[in-house]
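As the structure is a computational prediction, the values presented were derived from the model and not from experiment. Indexing begins at 1, ligand by ligand and atom by atom, following the structure's order.
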Amino acid sequence: LKNAALSAVRDAGTTADLEGVRVRFLGRSAELTGIKKGIGNLSPDERKEVGRSANLASREIEGALAERTEALAAAERGARLQREAVDVTLPGVPFPGGHLHPSQRIIDEVVDFFVGLGYGVAEGPEAETDYYNFTALGIPPGHPARTMQDTFFLDEGLVLRTHTSPVQVRTMLSQEPPVYVVCPGRTYRRDSDPTHTPMFHQIEGLAVDRGLTLGHLKGTLAAMARHVFGEEVAVRLRPSYFQFTEPSVELDVSCFRCGGSDPNCKICKGAGWLEMLGAGMVDPDVLEGAGYDSEEYTGFAFGMGPDRMAMAKYGIPDLRLFFEGDLRFLRQF
Ligand code: PHE
């Protein structure tokens with residue numbers, strides 16, 4: 001019996017097999033256990049003899065079991081460690097690092113600049129009512145300026161907003177002056193050529209307070225231009241016309257590349273100046289339409305195209321590249 005047990009211990013290949021062996025030879029219904037239980041029925045002489053060798057046998061089997069268990073457990077642990085080993089020196093799986101789209105970089109720079117001045121950020125719907133996109137901005141139905149905007153018309157009096165200026169109106173209707181906000185967003189016009197895409201971005205800005213003048217407008221936008229294009233750029237205002245500002249201006253930035261000294265400059269084409277944005281003093285009618293007292297408050301507004309600014313800043317010749325999703329283009333930034 002003992003030898004059968006010892007050889008079973010030797011043959012067990014796993015700790016689980018060993019447990020089976022233990023139950024078979026030392027368990028409650030094992031033969032040896034039965035022998036021990038029967039000792040009480042034997043004569044005193046036999047008792048002593050049988051008891052001694054039964055105890056010796058079970059101690060020997062227990063010892064062999066313990067030894068084998070230890071050996072198998074160590075082997076199993078070693079095998080598991082080997083299986084689960086991680087080679088921390090292996091090169092990792094390359095994870096492609098993303099980066100911002102050139103338009104988004106300009107948007108972030110401009111918005112960060114204005115947030116630094118204390119402006120808030122506002123957004124409005126891209127599917128806008130005809131009223132906010134046009135009428136509230138001094139462009140009533142039938143006004144010739146409407147045809148200049150290449151509008152996408154939707155159902156039920158909605159349009160895809162042609163500019164971010166409706167967000168000015170929505171902002172003024174939702175809060176009391178003073179107001180300082182920038183409104184970045186997508187805008188739409190039916191147009192496609194190297195400098196126009198049907199979807200493009202604008203960043204609107206609006207400041208309404210007591211005593212604001214065109215000087216504040218120019219100073220603010222000059223500081224913004226320096227933030228985006230470099231400390232050395234100058235700005236100039238040119239007279240312009242928008243229905244919702246009076247007076248209206250366009251703002252040019254001196255060429256950040258050549259400063260106007262290179263007739264072959266790739267950035268400004270020798271012009272020395274880059275057209276950057278439309279702006280003006282908010283028309284008193286627009287203020288009054290939003291319930292503001294135009295005797296007490298004045299304001300300035302501006303609308304810029306961050307896509308065009310990115311074209312200038314990074315020297316990109318065709319705006320359509322921005323929105324085609326071609327990775328060969330996008331990876332260059
Ligand atoms: N909304 C005008 C445009 O899209 C730009 C603008 C904004 C002009 C604010 C003046 C004031 O052309």
Side-chain angles (χ1 to χ4, degrees), residues 103 106-107 110-111 114 119 121-126 128-140 143-152 159-172 179-191 195-209 212-214 216-218 220-222 224-225 235-253 274-287 289-290 292 294 297-309 319:
S103 292
I106 300 287
I107 292 170
V110 171
V111 171
F114 282 103
Y119 282 58
V121 180
E123 290 189 336
E126 293 174 29
E128 182 56 281
T129 63
D130 180 282
Y131 177 79
Y132 286 127
N133 195 77
F134 294 121
T135 307
L137 293 163
I139 316 176
H143 193 291
R146 287 195 169 208
T147 59
M148 293 164 56
Q149 301 241 353
D150 293 313
T151 311
F152 285 111
V159 299
L160 287 180
R161 66 180 177 193
T162 58
H163 50 180
T164 43
S165 298
V167 190
Q168 284 186 32
V169 180
R170 289 177 173 276
T171 305
M172 286 193 277
V179 171
Y180 290 90
V181 282
V182 281
C183 321
R186 280 186 280 271
T187 47
Y188 302 85
R189 294 189 194 189
R190 214 183 59 239
D191 212 349
T195 54
H196 296 86
T197 51
M199 189 285 296
F200 58 104
H201 296 92
Q202 277 198 349
I203 305 173
E204 193 80 7
L206 173 70
V208 181
D209 208 338
L212 289 182
T213 69
L214 201 61
H216 295 112
L217 164 77
K218 187 178 179 184
T220 303
L221 293 177
M224 187 275 295
V235 298
R236 72 177 181 190
L237 298 180
R238 277 181 295 112
S240 185
Y241 180 77
F242 300 102
Q243 288 73 29
F244 37 94
T245 48
E246 179 60 36
S248 300
V249 296
E250 251 160 80
L251 181 102
D252 296 342
V253 180
L274 300 160
E275 291 180 22
M276 203 163 79
L277 54 81
M281 300 306 291
V282 182
D283 191 302
D285 284 348
V286 175
L287 293 174
Y292 286 13
S294 65
Y297 291 100
T298 56
F300 62 79
F302 49 88
M304 68 189 94
D307 312 317
R308 298 256 181 107
M309 291 162 74
L319 182 60

> By side chain to side chain donor-acceptor pair (under 3.5 Å), which residues pair with Y297, not counting sequence neighbours?
Replying inline: R210

> What about H163 and F242, are their ring centers closer than 6.0 Å?
Replying inline: no

Atom pairs and distances, ligand 1 N/O vs protein N/O under 3.5 Å:
from     : atom 1 : to   : atom 2 : distance (Å)
ligand 1 : 1 (N)  : H163 : ND1    : 3.0
ligand 1 : 1 (N)  : S165 : OG     : 2.9
ligand 1 : 4 (O)  : R189 : NH2    : 3.1
ligand 1 : 4 (O)  : Q202 : NE2    : 2.9

>> As a quick check of understanding, evaluate side chain to side chain contact (heavy atoms under 4.5 Å, CB included) for V182 and V110, giving each step before the final call.
In response: CA-CA 9 Å; V182 281; V110 171; 5.5 Å; no

> Is R170 salt-bridged to E128, cutoff N-O under 4.0 Å?
Replying inline: yes

>> Tell me every residue that passes salt bridge (Lys or Arg N to Asp or Glu O under 4.0 Å) with R189, counting only those two or more places apart in sequence or in another chain.
In response: none

> How would you list, by chain and number, every residue that makes a side chain to side chain donor-acceptor pair (under 3.5 Å) with D191, sequence neighbours excluded?
Replying inline: none

